[in-house]
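Below is one structure, written out as C-alpha cells; comments come after it.
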Amino acid sequence: MKTIKLYGGRNFKTPNPDPDTPIQEAPPPKKVILPLSDRPGIYCRALVQRGETVFLGEKIAEDPKNRMAPIHSPVSGKVTDVAPYRYAEGGNVLSIFIESDEQDRWETKPFPLEKFADADPLGLIRTIRRAGVKMIPYETLPEAEREGARITPIRNFVINGIGRGFSGSIARRLMLERGPDLTECVHLLKRIFQPEKVYLVVNEKHGDVIRVIEETGLAKEVHLIQLPVFYPLGHPHLLYKAIFGKEIPSPGGIAIDQGVAFANVDTLLHALEAVKLGKPHIERYVTVSGEGVSTPKNLKVRIGTPLQDLVEFCDGFKDKPGRIVIGNPFDGMAQFSLDRPVLKDTRWLWVQPLAQVVGDNYRACINCGDCVDVCPVGLMPNFLGKFCEFSRYEEAASQYQLWTCIECGLCAYVCPSRRPLVHFIKFGKWELTLREKENDGR
Amino acid sequence: MSVWKDFTDGLWKDIPPFRLVLGLCPTLAVTTAADNGLGMGLATTFVLVCSNALISILRKLIPKKVRIASYIVIIASFVVMVELFMQAYFYRLYIILGIFIPLIVVNCIILGRAEAFASKRPILNSIADGLGHGFGFTISLTIVGAFREILGAGTLFSKITLFGPHFMPFSFMVKPPGAFICLGLFLGIMNIISRGRV
Amino acid sequence: MMADENRFYVSFPPHVVSGKSVSGLMYDNLIALIPAAAAALYYFRAGALKVMVLAILSAVVCEAGMQKFLKRDIAVKDGHAVLTGLLLAFLLPPTMPWWMVIVGSGCAIIVGKMIYGEYGNNPFNPTLVGWVMLRLSWPGKVGDWVQPFGGMIPDPPLHVFKFDGIEAFFDYDFHLLDLFLGRQAGGMGTVCIAALLAGGIYLLVRRAITWHIPVGFLGSVFVFGGVLWLMDKEANLNPLVHMMAGGTVLGALFLATDPVTSPVTRWGKLAYGVVCGVLIMVIRAWGKYPDGVVFAILLANTCAPLLSKIKPRVYGKEKAVA
Amino acid sequence: MHEAWTFSDYLLLVIGAILVNNILLTRFLGNCPFLGVSRKMETATGMAMAVVFVMTMAGSITWIIQEYVLIPFDLEYMQTIFFILVIAALVQLVEMFLQKSFPALYQALGIFLPLITTNCAVLGVAVINIREGYNFLQTVVFSFASAVGYGFALILFTGIREQMEVSSIPDFMKGTAIGLLTAGLISLSFFGFAGIVE
Amino acid sequence: MRDIIKMIVVLTVISTVMGATLSLVESITREPIKFSKIKFVKGPAVVAVLPECENDPIQDYKEGVVLEEKAGQKIIKSIFPARKNGKCVAVAFEVTGQGFHGPLGIMIGVDLKTGKLTGMRVMTHTETPGLGARATEPAFYKQFSGLGIKDVVLSDQGGKVDAITGATITSQGVLGAVKAGLQLFSRSKDKIMGAVGAG
Ligand SMILES: Cc1cc2nc3c(=O)[nH]c(=O)nc-3n(C[C@H](O)[C@H](O)[C@H](O)COP(=O)(O)O)c2cc1C
Ligand SMILES: Cc1cc2nc3c(=O)[nH]c(=O)nc-3n(C[C@H](O)[C@H](O)[C@H](O)COP(=O)(O)O)c2cc1C
Ligand SMILES: Cc1cc2nc3c(=O)[nH]c(=O)nc-3n(C[C@H](O)[C@H](O)[C@H](O)COP(=O)(O)O)c2cc1C
Ligand SMILES: Cc1cc2nc3c(=O)[nH]c(=O)nc-3n(C[C@H](O)[C@H](O)[C@H](O)CO)c2cc1C
Ligand code: SF4
Ligand code: SF4
Ligand code: SF4
Ligand code: SF4
Ligand code: FES
C-alpha cells in the first residue's frame with residue numbers, strides 16, 4: 001500500500017447510489033446529433049450534406065489539419081441537417097443531424113488487424129486515430145510530431161482504473177467484465193509506446209477487481225498500484241504525485257513532458273477495438289445515476305444519442321428532476337436540455353432531483369479557510385475567488401497561481417458562504433486568455 | 001461674478017477636506033474642540049489668502065523651474081508670520097495647535113491652490129479662491145470639532161456646557177481613534193449627500 | 001439561478017454543497033455559548049439577564065437597520081448580530097447602565113461591521129470594537145465589577161494583581177478550582193472556565209473551529225506565563241492563573257476564532273493564536289490594562305491579513321524562481 | 001545638559017515611538033501618503049523604506065541646522081522656512097544621488113521620494129526633535145524609530161486595505177472614507193500598548 | 001544661461017524680501033511673545049506661590065534685575081511683585097536646581113517682611129513619573145509655605161520637609177534650589193526692594 005501525501009482532497013460520500021450493475025447495451029437511437037468541434041477554435045469539416053444517406057461507421061467529418069479526431073456515423077440513415085446546435089459548454093456548434101433507418105448497415109466490413117504484435121507503432125497509432133479515438137498521449141503531441149517519425153518517448157504508462165476518484169463504476173465494471181481484453185490492451189500499448197513500465201491504478205477497496213486482474217494474468221503485465229481513492233485523485237497531476245512521489249511543474253506542465261502518459265480503461269478498450277476489429281469509435285460507456293433517475297445503470301451507448309433516450313432506458317425520472325449534469329456533481333456541466341447528445345468524452349449522466357437543488361445566491365467570504373484546507377493542489381481558492389470577482393485577474397495569476405487550479409470544484413463544495421469559487425476561477429482564466437489574445441493582436 | 005464663484009467653490013463644490021481630500025492631518029489632529037478647529041482654520045486661511053495673493057502677483061515673474069521652491073519660500077514665510085502673531089497674541093491656542101502651525105507649510109491645500117489656481121489667475125480671483133477654500137476648511141474643521149467636542153466632552157467652544165452635571169461624555173470621540181472614525185464617517189456622509197445615494 | 005425554458009436548472013459546478021453554512025456556524029456558536037450564558041445568569045442573576053437581552057436586541061435592531069439603509073438583504077436571522085451582542089455582553093459587568101450597553105452594541109455592529117458592507121468584509125472583530133469604544137469612554141462603568149454569587153471579592157484576580165500587587169493577590173488566596181468554576185469577578189461570560197471549555201469542545205467536535213487558534217493562543221499564554229513565573233515566582237502569577245483569569249479562555253475559544261477576522265490558512269491560524277497569546281502576556285506584564293485579551297486580539301486582527309500570506313505550498317511550483 | 005541616557009532609555013524611546021505614540025496613529029502625521037500608497041503591498045513597503053531613509057536623515061540634518069545655524073544667529077523663528085527648504089533640498093539630493101550611484105535602490109524608492117517632501121510627518125518629526133529638546137543621538141534614534149513606526153502602521157494597514165479592495169464596501173464609504181475609519185480601528189487596537197512606556 | 005540667472009535672481013529677491021518682512025514682523029512681535037511666554041508658562045506658578053494681592057504680578061514684573069555682581073558674573077532675575085494696599089508685600093522669582101534626570105525649574109515666592117517662603121512650585125522637570133515627578137503634587141509642595149532658610153532641610157536631617165518616598169535626590173534638588181533662592185533673597189533684599197519700588 002502507498003501513503004498518499006496530497007494537500008487537501010477528501011473522501012466524500014457521493015450523494016448517489018453507485019449502480020454496480022453489469023454494463024448493458026442501450027438500444028440504438030432513432031436520431032443522433034454530432035458536433036463538429038470539441039474545443040474552441042478547432043473544427044472538423046463535414047464530408048456529408050443534408051439529405052445524403054450514410055452508413056454505420058462511415059467517416060462523415062474530419063479535420064484537414066488533423067487537430068481533431070475524425071467523426072464516424074454511429075447509425076445508418078439519412079442526414080437531416082448540418083446546422084448549428086446550442087450546447088451548454090460553449091454556445092452554438094455546427095453539428096450533423098442524422099435520422100436512423102434502424103438497420104445498422106455497415107459501409108464496408110470493418111477491417112480487422114488480428115495480429116498487432118509486429119505492426120509498426122506509428123501505423124497503429126494512425127489506425128487508432130483514424131478510428132476516431134481520442135487518446136491523450138496523441139492529443140498532447142506537438143502538431144509537427146503527429147504525422148512525423150518520432151513519438152515522444154513514454155517511459156511510464158499509467159492506466160487509470162479509478163476514473164476521477166469517486167467509486168469509478170465504469171472503470172470498475174470494465175475491469176471486472178473485460179479482464180482478458182484489457183490484457184490485450186496492455187500488449188497493444190506496449191507495442192505502440194514501448195514504455196519501460198505500465199502501471200494500473202485501482203481502488204484498494206475493490207477486492208473483486210483485484211482478484212479478476214490477478215486471475216486473468218493482467219497482473220503480470222502491469223505494476224498494480226492499489227490506492228486509497230478519493231476525488232479528485234484521478235487527475236493526472238495527482239496520480240503522478242501519488243505514484244511517483246514527484247510533482248509536475250505547474251502551471252503549464254503536462255505529464256507527457258515527464259515521460260508519463262495516462263489513459264482510462266475505456267479509452268484503451270476503444271483503441272483495442274479500433275485495431276483488432278477495425279471498428280470506428282461510435283460507442284461510449286456511460287453511467288446514468290443520481291437520485292433523480294429511477295433505475296441507475298451502466299450503459300454502452302452510441303455516440304450522439306440524446307440524453308433523453310438514456311433517461312428513458314433507465315425508466316425515466318424518479319422525482320421531479322432539478323438538474324441534469326454531464327460529468328460528476330463536482331465538476332460536471334449542467335445541461336439545459338435532454339436533446340443534448342452523448343459525446344466522445346461523456347462518461348457520466350447525473351440527475352439531481354429538484355428537491356436537492358440549492359439556491360446559488362452567495363455571500364462574502366468569511367475567511368474560514370475550509371477551501372484552502374480542501375484544495376488538492378494547495379491553492380487559496382478564497383483569494384482566487386475574490387480577485388477574480390473584482391476583475392483582478394493578473395494578481396490572481398501572479399500571486400495566487402490561478403493557472404494551477406484543476407477546477408475540481410471541491411472549494412466551492414465546502415464553502416459555507418456558497419461562493420461559486422470555481423466559476424470565478426474559470427471566468428478569470430477566460431478573461432486572461434482573452435486579454436492575452438488582445439495583446440497578441442496588437 | 002467669476003470672483004464670487006471662485007469664492008463659493010471652496011465653500012461647497014470642493015470644500016476641503018471633504019470634497020478636496022487634502023489637509024487631513026490637521027483636520028484629524030486639532031478637531032478635539034470647535035474652537036481649536038476654528039483657530040486652525042483661520043490660521044490656514046490667512047496663509048492661504050496671503051500666499052495666493054502674492055503668488056498671483058508674481059506669477060508672471062517666477063520661472064517655471066523654480067516655482068515650487070518659490071512657493072515654498074513664500075508659504076513658509078507667511079506661516080512663520082502666523083506663528084509669530086499667534087505666539088504674541090493667541091499663545092494658548094498656539095500651544096494647543098502645537099506643531100500643526102508650522103506644518104501649515106506642507107498642507108497640500110495651500111500648495112495645491114498655489115499650483116492649481118493662483119499661479120494662473122489674477123489677484124482678485126486668487127484672493128477669492130483663497131478665502132473660499134480657507135473658509136470652507138475653517139467651517140469643516142469647526143463642524144468636525146464641534147461634533148467631537150459635543151459628544152466627547154459635552155461642551156461647545158470649550159466654554160458652553162451643554163448637558164447637566166450627570167452627563168457622562170462619550171470621550172472616545174476626542175481620542176485619536178475617534179478622530180479617524182469621525183472623519184471617515186463624515187466623508188461617507190458627505191458622499192451620500194453629494195451623490196444622493198448610498 | 002437560471003430557470004430555463006426546459007425546466008432544468010443550469011448553474012455552475014459543483015452542483016452539490018456540503019452541509020456547512022454560515023448561519024449554521026453562527027447557531028453552533030450560540031449553542032456553544034449556552035453553558036457560559038447559564039453560568040452568567042447563575043453568578044450574576046438579573047443584571048446579567050438584562051445586559052445580555054439588551055445587547056442582543058440592540059445588535060439585531062442595528063444590524064437590520066443598517067442592512068435596510070445599505071439596501072442589502074436583511075439577514076438578521078442568520079444570527080451574526082445575536083452572536084456579536086451576546087459576546088459583547090459576556091465582556092461587560094452586569095452593572096452596565098442600559099444606555100451604555102446600547103451604545104456599545106450599536107458601535108460594534110455599525111462601526112465594527114456594517115459600515116464595511118456586510119458580514120465577512122470587516123477586518124476587526126465587531127464585539128471587540130464595541131467593547132473598546134466603551135472601555136475608552138467609560139472606564140469606570142466597564143470596570144464596575146461585582147462579586148459573583150459565591151465568589152469572594154468584587155475584584156477580578158488580574159486587577160488585584162495589577163493594581164494591588166502580588167502580595168494582595170496571595171492574601172486573597174484564589175483557588176484554581178474557584179477560578180475554573182467561575183467564582184471570580186469579571187466580565188459576566190468570561191468567569192466560568194468550565195462552561196466555556198464545554199462550549200469550545202462542542203465547537204471543535206462540530207468542526208465550527210479548528211484547534212489551531214485555541215492551541216496557539218492558550219499554549220503561548222501558558223509558555224510565556226510559565227517562563228515569567230519560573231524566572232521569579234515571587235513577582236509573577238502561576239501560568240494557570242493567567243489561563244483561567246480574565247478573558248483568556250473566552251478569547252481563545254470564541255473571540256479569536258472569529259473566522260472573518262483571523263487568517264485563512266492553518267499555519268496562519270496557529271501563528272495568529274501565538275500572536276494573540278504573546279501580546280496578552282506583554283500587556284499583562286508591562287501594559288496598563290490588567291487583562292489585555294481584547295486589545296491583543298484586536299492587534300492580532302490587524303496582523304491577520306499579513307498572516308494570511310503564509311500560503312500552503314502550491315502543487316508543482318518551482319522553488320526559487322528568480 | 002541632560003544626564004546620560006542608558007540603553008534602556010533608548011529602548012523605551014524606540015518602543016514608545018513605534019507602538020505607543022505612533023507618529024501616524026496618535027500624532028496624525030503623514031496621513032495623505034498613508035492613504036495614498038496603501039493599496040498595494042509593494043508600494044507600501046517601498047514607501048516605508050523611503051520614509052525611514054529620508055526621515056532619519058532629515059531629522060539629523062535639521063537638528064544640526066538648528067543647533068549650529070539657527071540658535072547661534074538668533075534665527076529660531078525662521079525654523080519653519082529653513083527646515084522645509086532643507087528637507088526639500090535633501091530629498092532632491094538623495095534622489096539624484098540614488099539615481100547615479102544606486103540605480104537599483106532608486107528603482108525601488110525613486111517614485112516615493114517626491115511624495116515625501118510634502119509628507120508632514122518628515123517636517124513634523126524634525127520639529128518634534130527640537131521641541132522635545134533631544135540631543136543629537138536621541139534625535140537620530142527618535143527619527144529612525146518614528147519612521148519605523150510609520151512604516152509598520154503603513155504595512156499593517158496595507159494588508160487590510162488589500163483585502164478591502166476585493167470586498168463589497170458600500171459605495172459611499174469606498175476609498176478615503178473607509179481608509180480613515182480603518183486607520184481609526186488600528187489606532188484603537190494600538191491602545192493596547194498603553195502603559196508599556198510612560 | 002539667462003534663464004539660470006533669472007531663476008537665481010528671482011529666488012534671491014523673493015527670499016530677501018520675505019526675509020526682511022519676517023525680521024520686521026519678528027521685531028514687532030518680540031516683546032508681546034516674551035510677555036505671552038511669561039504669562040502662560042510662568043504665570044500660573046507665579047500666582048500660586050504669591051499671597052493674594054491686588055495687582056497683577058505678571059503685568060508688573062520687572063525684567064532683568066541685577067541682584068549680584070561678582071567677578072564679572074552677574075545674577076539676573078525677573079521679579080514678580082505682589083502688592084497689598086499699594087505696598088509690595090512679597091516677590092516671586094525663578095530658581096533652578098538639579099534633579100535626578102535633569103534640571104528643575106522652580107518658582108518661589110518670598111515674603112518681603114519675614115523673608116520666609118509664601119509658596120513653591122516645580123514648573124519644569126524631567127523626573128520619573130510616580131517618583132520624582134511627585135514633586136509637583138500638593139502633598140510635597142504644600143510643606144514649603146511659611147518655611148525660613150533654616151527649615152528648608154529634610155526632616156530626617158532636622159528640617160521640616162518630608163522627602164518624597166524613593167525620590168530623595170529630587171527632594172534634595174528642590175530643597176537646594178529653594179534654599180539658594182532664599183539665601184540670594186536675603187543677600188540682595190535691598191536690590192529687590194529697589195527694583196519693585198518697595199523702599
Ligand atoms: C455513483 C457513481 C459514481 C461514479 N463515480 C465515478 C467515479 O467516482 N469516477 C469516475 O470516473 N466515474 C464515475 N462514474 C462514472 C463516469 O462516467 C466515469 O467513470 C468517469 O467519469 C470517467 O473518468 P474521467 O472522466 O476521469 O476520465 C460514476 C458513476 C456513478 C453512477
Ligand atoms: C478534476 C479533474 C479534471 C480533469 N480534467 C480533465 C480534462 O479537462 N481533460 C482531460 O483530458 N482529462 C481531465 N481529467 C483527467 C481524466 O480523469 C483522465 O484521467 C485523463 O484525462 C485520461 O483519460 P483518457 O483515457 O480519456 O484519455 C481530469 C480529472 C480530474 C479529476
Ligand atoms: C442614547 C442615550 C445616550 C445617553 N447619553 C448619556 C450620556 O452621555 N451621559 C449621561 O450621563 N447620560 C446619558 N444618557 C442617560 C440618561 O440621560 C440618564 O437617564 C441620565 O443620565 C440621568 O441619570 P442620572 O440621574 O444617573 O444622572 C443617555 C441616554 C440615552 C438613551
Ligand atoms: C468560531 C466563530 C467565532 C466568532 N466569534 C465572533 C466574535 O468574537 N465576535 C463577533 O462579533 N462575531 C463572532 N463570530 C460571528 C461572526 O464572525 C460575527 O458575527 C461578525 O459578524 C463578523 O466578524 C464568530 C463566528 C464563528 C464561527
Ligand atoms: S477548483 Fe481549483 S482552487 Fe478549487 S479546490 Fe479544486 S483545484 Fe483548488
Ligand atoms: S470556504 Fe468560502 S468562506 Fe471559507 S475561506 Fe473559502 S471562500 Fe471564504
Ligand atoms: S501637509 Fe497637508 S497633506 Fe500632508 S499631512 Fe499635512 S495636512 Fe496632510
Ligand atoms: S499633498 Fe501632502 S498634505 Fe496634501 S494630501 Fe498629499 S500628503 Fe497630504
Ligand atoms: S496632512 Fe497629509 S501627510 Fe499629513
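Order of the sequence lines fixes the chain letters, A, B, ..., with proteins taken first and strands second; residue numbering starts at 1 for each chain.
- Of the two parts of E:Lys34, neither the backbone nor the side chain holds a non-hydrogen atom closer than 4.5 Å to a non-hydrogen atom of chain B.
- In this structure, B:Phe85 and E:Thr29 have side chains that are in contact, with non-hydrogen atoms separated by less than 4.5 Å.
- Of all heavy-atom pairs between E:Met18 and B:Ile74, the closest is CE-O, 4.1 Å.
- Residue B:Leu84 touches chain E through both its backbone and its side chain, counting heavy-atom pairs closer than 4.5 Å.
- Between E:Ile14 and B:Ile62 there is a side-chain heavy-atom pair separated by less than 4.5 Å.
- One finds the CD1 atom of E:Ile4 at 7.0 Å from the NZ atom of B:Lys65 (value rounded to the nearest 0.5 Å).
- Proximity of E:Leu11 to B:Ser70: side-chain heavy atoms (C-beta onward) are separated by under 4.5 Å at one or more points.
- For the pair B:Leu61 and E:Lys6, the tightest heavy-atom approach, listed with the atom from each and the gap, is O-CE, 3.6 Å.
- The environment of B:Phe90 atom CZ is sparse: at most 12 non-hydrogen atoms of other residues, nucleotides or ligands sit within 6.0 angstrom.
- Residues E:Ser36 and B:Gln87 form no side-chain contact, since every pair of their non-hydrogen atoms from C-beta on lies 4.5 Å or further apart.
- Here the straight-line distance linking atom CD1 of E:Ile33 with atom CE of B:Met86 works out to 11.5 Å at 0.5 Å rounding.
- Taking OH of B:Tyr91 as the reference point, atom NZ of E:Lys39 lies at 12.5 Å (rounded to 0.5 Å).
- Of the atoms belonging to B:Leu54, it is side-chain heavy atoms, and not backbone ones, that fall under 4.5 Å from chain E.
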